[in-house]
Amino acid sequence: MKDLLRYLVENIVDETEAIQISQSDENGTQILHLKVASAETGKIIGKGGKVIKALRAALKVKAIPARKRLHLVLED
């Protein structure tokens with residue numbers, strides 16, 4: 001999951017070296033924490049939140065065959 005998220009985010013932002021992805025598990029739910037440069041946060045959120053919603057949807061589709069629950073959190 002982290003590799004897919006990194007690939008998608010690298011193609012959105014300009015400062016790829018600032019991408020940080022960490023993972024934690026809570027009550028059977030895998031939580032991915034994404035942190036990008038503060039200037040790039042708007043690109044990840046997108047107009048009306050469309051980009052972050054699309055990222056979450058893509059990750060959830062990938063998690064379905066693995067029978068995992070997934071949540072993406074954008075850190076400040």
Transitively linked via ILVMFWY side-chain contacts under 4.5 Å: Ile21 with Val36? yes
Kindly compute the distance separating CE (Met1) from NZ (Lys60), expressed to the nearest 0.5 Å. 12.0 Å
Nearest-0.5 Å distance, CG of residue Asn27 to CZ of residue Arg69: 10.5 Å
Take Asp3 and Tyr7 through the side chain to side chain contact (heavy atoms under 4.5 Å, CB included) test and state the conclusion after the steps. CA-CA 6 Å; Asp3 295 333; Tyr7 174 76; over 6 Å; no
Flag, side chain of Gln30 to backbone of Lys68, donor-acceptor distance under 3.5 Å: no
Could you walk me through whether Ile19 and Leu34 pass the side chain to side chain contact (heavy atoms under 4.5 Å, CB included) check? CA-CA 7 Å; Ile19 298 171; Leu34 172 64; 4.1 Å; yes
Quick check on Lys43: does its NZ atom have over 12 non-hydrogen neighbours (other residues, nucleotides or ligands) under 6.0 Å away? yes
If hydrophobic clusters are built from ILVMFWY residues whose side chains come within less than 4.5 Å, do Ile52 and Val13 share one? yes
Where is the tightest heavy-atom contact between Ala58 and Leu8, given as atom of each residue plus distance? CB-CD1, 4.3 Å
Interatomic distance, CD@Glu10 vs CD@Glu15, rounded to 0.5 Å, equals 13.0 Å
Can you tell which of Val73, Leu59, Leu55, Leu74 makes a side chain to side chain contact (heavy atoms under 4.5 Å, CB included) with Leu32? Leu59
Of the non-hydrogen atoms in Gly48 and Lys53, which two are nearest, and what is the gap between them? O-NZ, 3.9 Å
Taking every heavy atom of Leu70 against every heavy atom of Ala63, the minimum-distance pair comes out as CB-CB, 4.2 Å
